[in-house]
Amino acid sequence: MRTRIVVGALAATTALALGASGSAQAAGAIGAPGAGDPYYPMDGNGGYDVQHYAVGVNFTPATKMLYGDTTVRATTTQKLKQFNLDLYGLQVDSVTVNGKKAFWTRSGVHELVITPGTPLAKKQQFNVRVKYHGVPIESSGLDDNSGWHTSVTGGAFAANEPHSAAGWYPVNDTTRDKATFTLKATVPSEYSVISNGIEQPARKAGANTTYTWVEKDPIIGYLTTIAIDKFTYLKQKRKDGTPLVSAFAPGAEDKMADEKRLPEVLDLLERYFGPYPQSAGGGIFVADQIGFSLETQTRPTYAAWADLDTIVHEQSHQWWGDTMSVDTWRDVCMNECFASYGTWLWAQDKDGENLDTEYSKEMAGFADSTRFWSNPLWDMGAGNEFSNSYTRGPLFLQALRRYIGDAAFITVLRNYTQLHKGGNTSMQEFERYVGKVAKKDVTDFFQAWVYGRSKPDDKYIWFGPFQKPAAKQAKATPLFAPDKR
């Protein structure tokens, strides 16, 4: 995600305070009501592992009414007489498990509690089908449980972080449970639908058309999307044949010139981050002035203010955040630090930017900012995930590049996401890998840059090519303004 950064204003999330931690062990044959993330303990659920979501929706923009019919295919990890899915705000009409009627109830803000007619054995595959309807609750920003947005152009789209999917379909809403994803969406024929993955042939019936999108690679709930509008499309291909499909809402067509450079963007990022990890690509350009753009898998969602740097940032996430995802939200730097550094690499290769010089200028601007250094790059606290990673993150990586040397740094960039493709990682795991590749103890460096809550010693800031500014040197204007709240 890239937030629209202005002085004194950074988008942030707030903690979901819903009582007992989901990290508690399931009681008997009851699946845990949360996956145990330290910031959002009630997100996700325990007792099963999802393999596939088959999401069906019928949406009418004029009434904003959504009818849903979603089947979740999963395998139990324990005996289950009861388990939960996350679903926010929509009316449940029926639930079946393996084709048989199940008892269900609602609990808390987003818990759909399901009791199958017949208890499930451990390691048993099962299908839970949920039919539901309602007007999705409108997203109010990064601090809610919904990712649903009614667009200024009359359509709708889903995008939010760390919560999004539960606002429009039942999901195991945790970063640790990836699954494949199919969307079948029916809308009035004057509209079209775009989502993740590969498009299938559309089917028209009467006044409506059904669009199908298939994401064959594992995906997290918040990275799934649906966008409904009177889109204009740009279809391109990479040299290897990877399809790139981009959609532009009315009023966003001026972004097409930047998006035409997408093959060029992916070629450059591939040079540094390794082979492009997705089966498809593209972008969804809305006309709405939301406060962020989001790395929805294969096809990022771009706010009206998005520019070429935003495209580079969100496409960097296809490696850092999408194919390889955070273990918990404490590890968000593994997403945002690297995506932000992707724009630095673009500036280096395409604009001739000297990143060592840029680093020195940036550091001069932040040298005396107590707030900047007090917010770490790991375990920054719920509600602070999307703040310092965009600014301190690329500085950390440029310093790491010089600390371990270009050869080791490029090896880390090219290999790390490939090693964790389709999975998750933590900052501690990354630190160990860096030390292994560099054949160097990086403990103190990471403590200073990543975990520390105060300005690192000069030996970790001003070394090698980095020039410490004179005491009376005027501060440079940073690329991104620090959060001064």
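Ser340 and Glu336 form no side-chain donor-acceptor contact under 3.5 Å, judged by distance and modelled atom types alone. Neither side chain, Asn415 nor Thr411, offers a donor N or O lying under 3.5 Å from an acceptor on the other. Side-chain contact, His317 with Gln297: no donor N or O sits under 3.5 Å from an acceptor N or O. For Tyr191 and Thr209, the side-chain atoms include no donor-acceptor pair closer than 3.5 Å. Using a 3.5 Å distance cut-off with no hydrogens or angles, the side chains of Asn45 and Asn172 do pair a donor with an acceptor. At a cut-off of 3.5 Å, with distance as the only test, a side-chain donor of Asp86 or His110 sits close to an acceptor on the other residue. Between His52 and Thr182, the side chains place a donor N or O and an acceptor N or O closer than 3.5 Å (distance only, hydrogens not considered). Looking at Gln51 and Asp49, their side chains do bring a donor and an acceptor atom within 3.5 Å of each other. Side-chain atoms of Tyr132 and Thr70 include a donor-acceptor pair closer than 3.5 Å. Glu111 and Asn84 share a donor-acceptor pair across their side chains, judged by distance under 3.5 Å alone. In this structure, a donor-acceptor pair under 3.5 Å is present between the side chains of Ser325 and Lys178. Side chains of Asp331 and Trp378: a donor-acceptor N/O pair is present below 3.5 angstrom, by distance only. Neither side chain, Ser387 nor Asn384, offers a donor N or O lying under 3.5 Å from an acceptor on the other. When only modelled atom types and interatomic distance are considered, Asp43 and His163 share a side-chain donor-acceptor pair under 3.5 Å. In the model, Asp177 has no side-chain atom that pairs as donor or acceptor with a side-chain atom of Thr174 under 3.5 Å. Asn208 and Thr186 share no donor-acceptor pair across their side chains, judged by distance under 3.5 Å alone.
When all heavy atoms of Glu138 and Asp144 are compared, the pair lying nearest together is O-OD2, 4.3 Å. Taking all atoms of both residues into account, the shortest heavy-atom contact from Val193 to Leu183 is CG1-CD2, 4.2 Å. Of all the heavy atoms in Thr153 and Pro250, the pair that sits closest is CG2-O, 3.3 Å. Residue Lys237 comes nearest to Gly241 through the heavy atom pair CD-O, 4.1 Å, listed as atom of the first residue, atom of the second, then distance.
Distance alone, capped at 3.5 Å, is enough to place a donor-acceptor pair between the Arg106 side chain and the Leu87 backbone. Without hydrogens or angle criteria, Thr425 side chain to Val326 main chain gives no donor-acceptor distance under 3.5 Å.
The aromatic rings of Tyr359 and Trp449 sit tilted relative to each other, their planes meeting at an angle between 30° and 60°.
Between Ile290 and Tyr302, the closest side-chain pair of non-hydrogen atoms is not below 4.5 Å. Tyr39 has its side chain within reach of Asp379: a pair of non-hydrogen atoms, C-beta onward, lies under 4.5 Å apart. Considering only heavy atoms from C-beta on, Pro33 comes within 4.5 Å of Met42 through its side chain. Contact of the Trp213 side chain with the Gln200 side chain is not registered, since no non-hydrogen atoms from C-beta on lie closer than 4.5 Å. Contact annotation: the side chain of Trp168 approaches that of Ile226 to within less than 4.5 Å [non-hydrogen atoms, C-beta and beyond]. Using a 4.5 Å heavy-atom threshold, the side chains of Lys184 and Val55 count as separate. Within the 4.5 Å cutoff, the side chain of Phe285 has no heavy atoms near those of the Phe231 side chain. Side-chain atoms of Ser293 and Thr301, non-hydrogen and from C-beta on, never get closer than 4.5 Å to each other.
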Test side-chain hydrogen bond (donor to acceptor under 3.5 Å, both in side chains) on Asp309 and Thr343; report intermediate values, then the result. CA-CA 6 Å; Asp309 273 356; Thr343 64; 5.6 Å; no
Worked verdict on Ser246 versus Glu259 for side-chain hydrogen bond (donor to acceptor under 3.5 Å, both in side chains): CA-CA 8 Å; Ser246 302; Glu259 185 69 352; 2.6 Å; yes
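Each of Tyr276, Tyr272, Phe338, Tyr341 was checked for a ring pair (Phe, Tyr, Trp, His ring centres under 6.0 Å) with Trp319, and the lone residue meeting it is Tyr276. A side-chain hydrogen bond (donor to acceptor under 3.5 Å, both in side chains) with Glu270 is found for one member of Arg238, Arg414, Gln318 and no other, namely Arg238. When the options Tyr211, Tyr169, Trp148 are evaluated for a ring pair (Phe, Tyr, Trp, His ring centres under 6.0 Å) with Phe59, the one that passes is Trp148.
Checked against the 6.0 Å centroid threshold, Tyr222 and Trp329 count as a close aromatic pair. Taking the six-membered ring for Trp and the full ring otherwise, Phe366 and Phe372 have centroids separated by under 6.0 Å.
A cation-pi arrangement is absent between Lys255 and Phe248 under the rule of less than 6.0 angstrom and at most 45 degrees off the ring axis.
The pair Lys350-Glu264 meets the salt-bridge criterion, since a charged nitrogen lies less than 4.0 angstrom from a carboxylate oxygen. A salt bridge does not link Arg299 to Glu215: none of the charged nitrogens lies less than 4.0 Å from a carboxylate oxygen.
In Arg271, the CZ atom is crowded: over 12 heavy atoms of neighbouring residues, nucleotides or ligands sit closer than 6.0 Å. Heavy atoms from other residues, nucleotides or ligands lying under 6.0 Å from OH of Tyr433 number more than 12.
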